[in-house]
Amino acid sequence: MRIVLGVGGGIAAYKVASLLRLFTEAGHKVTVIPTEAATRFVGVATWEALSGNPVSNSVFDDVEKVNHVRLGHEADLIVVAPATADLLAKAATGQAGDLLTNTLLMAHGPVLFAPAMHTEMWQHAATQANVETLRSRGVTVLEPASGRLTGSDSGPGRLPEPEAIFAAAMALAESAVGATASPAAEKPLAGRIVTISAGGTREALDPVRFLGNRSSGKQGAALAAAALAAGATVRFLAAHMDVEAPAGVELVRVESALELREAALKAAVDSDVVIMAAAVADFRPAEFSDTKIKKVDGEDAPVVRLIRNPDILHELVERRNAEGGQQLIVGFAAETGDAQGDVLEHATAKLKRKGCDLLVVNQVGIGRVFGQDENSVVILSGHGAEPQSAAGSKSDVAAAVVDRVGAELARVFPAL
Ligand code: CTP
């Protein structure tokens, strides 16, 4: 594969030497295009020696080869790391002041940005708007990792590890090939947008306390990885999680059920599939105290009054039905049997109540399912198909759910 590796002017440029190594050792031909600023961190000689190819950042070198057009045109994949705030802004606004930005405008294959910058720069509305613009054009922008930054501070803004960027780049290139080569067989969700919610919501009582739940987000993360592997573009709505979101998703972080509702309704608008794997709190405290609730000697302990949260899954189904949209909606149900019925009876009633197309059901209890690596589920269909069981690691279960989503999508919406 021909890869263009764009390097931005950030301190993380030194880590990209390892990424380049991973590409060349995997047999890919890499042309490195550092920006002017990048060469202040790592010199041209390093990039030439490691890639085995000449390196330039000027549109006026080797003009007869028309590099500013040819490189982007011929590349099977373009990876930009570290993608600085400046490079994201230039790419989002279509600037073409140097060889790298020209190449990005000429891209014919998939493009992946791995951002790295200071947390405030990453979270700045301007940068976030640029990221959103790029993503809306089909560019993959990874989430930066969290951790120690250049100075003594820490937060989101670190370049993801070279191995993670490499894996995301390979998955992206594969899904691009899959989309043109064998969409139906190996990549059942190629070209599909899949929104997945995961983790447990937290409902704030005061600035330091919340009501939460035991969801680890492992099953949701495994689903996202399986959907990426199936060729989908994945919008990942992450409530509180004990594990990282897989590289390559479009990540939206949320805290409460209300925030998740807003994110889900927005992400679902043009999604082909919505999978609600998040453990959403059914109730939230009726009052939020702006200041920490204090214990006062001689007074009774406070009473927390709860109010209902909206049912996001139900709302998504209602909106889809009202608009007549062709969208497959998948719910998850954590059930325990009781005097009123067994797990499957409760789940069948829930499937009807929620009106979704598939319901993935598991039986819960303390220490069972939540936080564990193994899972066992039954997938119920709202369209009359037989219940299907799946068991094994959460990745095995995720692969089974994603397979079923692909099959159900083809069955329920054959025109899609
Ligand atoms: N869900 C949702 N919004 C809520 C509660 C749940 O979208 N406010 C979604 C979950 O993401 C999951 C499904 O609904 O996909 C089932 O959640 P569960 O908590 O099992 O169902 P409930 O409707 O809360 O039913 P009950 O508590 O009565 O068992």
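As the structure lists them, so they are numbered: ligands from 1, and atoms in each ligand from 1. Everything quoted here is computed from the prediction, not taken from an experiment.
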message: Hydrogens and angles aside, do Thr127 and Asn130 bring a side-chain donor and acceptor to less than 3.5 Å of each other?
response: no
query: Among protein heavy atoms, which sits nearest to atom 14 (O) of ligand 1, and what does the distance come to when rounded to 0.1 Å?
result: Lys354 NZ, 2.8 Å
message: Return the closest protein heavy atom for atom 28 (O) of ligand 1 as residue, atom name and distance.
response: Arg353 NH2, 3.9 Å
- request: With atom 11 (O) of ligand 1 as the reference point, say which of Ala278, Cys356, Ala334 has the nearest heavy atom.
  value: Ala278
message: Minimum distance, heavy atoms only, to atom 8 (N) of ligand 1: which one of Pro310, Ala257, Ala264 is it?
response: Pro310
message: Taking 4.0 angstrom as the limit and counting only heavy atoms of Leu313, give me the atoms of ligand 1 inside it, by number and element.
response: 2 (C), 7 (O), 9 (C), 13 (C), 14 (O), 15 (O)
task: Report, in ascending order of atom number, the atoms of ligand 1 lying under 4.0 Å from any heavy atom of Asp311.
output: 2 (C), 3 (N), 4 (C), 7 (O), 8 (N)
message: So, applying side chain to side chain contact (heavy atoms under 4.5 Å, CB included) with Met117, which one of Leu88, Leu87, Asp86 is it?
response: Leu88
No-hydrogen, no-angle side-chain donor-acceptor test under 3.5 Å, Gln327 and Asp272: no
- line: atom 3 (N) of ligand 1: closest protein heavy atom, distance to 0.1 Å, is Ile312 N, 3.0 Å
statement: Rounding to 0.5 Å, atoms CZ (Arg320) and CD1 (Ile329) come to a distance of 4.5 Å
query: For ligand 1, which atoms have a heavy atom of Gly331 less than 4.0 angstrom away?
result: 15 (O)
query: For atom 18 (P) of ligand 1, which protein heavy atom lies nearest, and how many Å away is it?
result: Lys350 NZ, 3.4 Å
- request: Could you name each residue pair satisfying salt bridge (Lys or Arg N to Asp or Glu O under 4.0 Å) that touches residues 291-315, not counting sequence neighbours?
  value: Arg261-Glu315, Glu287-Arg305, Asp311-Lys354
query: Are Phe166 and Phe23 close enough that their ring centers fall under 6.0 Å?
result: yes
Polar side chain donor-acceptor pair, Glu408 to Ser381, under 3.5 angstrom: yes
message: Using a 4.0 Å cutoff against the non-hydrogen atoms of Met276, which atoms of ligand 1 qualify?
response: 7 (O), 11 (O), 12 (C), 15 (O)
- request: For atom 27 (O) of ligand 1, find the nearest protein heavy atom and state the residue, atom name and distance (0.1 Å precision).
  value: Asp282 OD2, 3.2 Å
field: Test side-chain hydrogen bond (donor to acceptor under 3.5 Å, both in side chains) applied to Glu255 and Thr201, step by step
entry: CA-CA 6 Å; Glu255 173 115 356; Thr201 65; over 6 Å; no
field: Where ligand 1 meets Phe332 - atom numbers and elements under 4.0 angstrom, heavy-atom basis
entry: 12 (C), 13 (C), 15 (O), 16 (C), 17 (O)
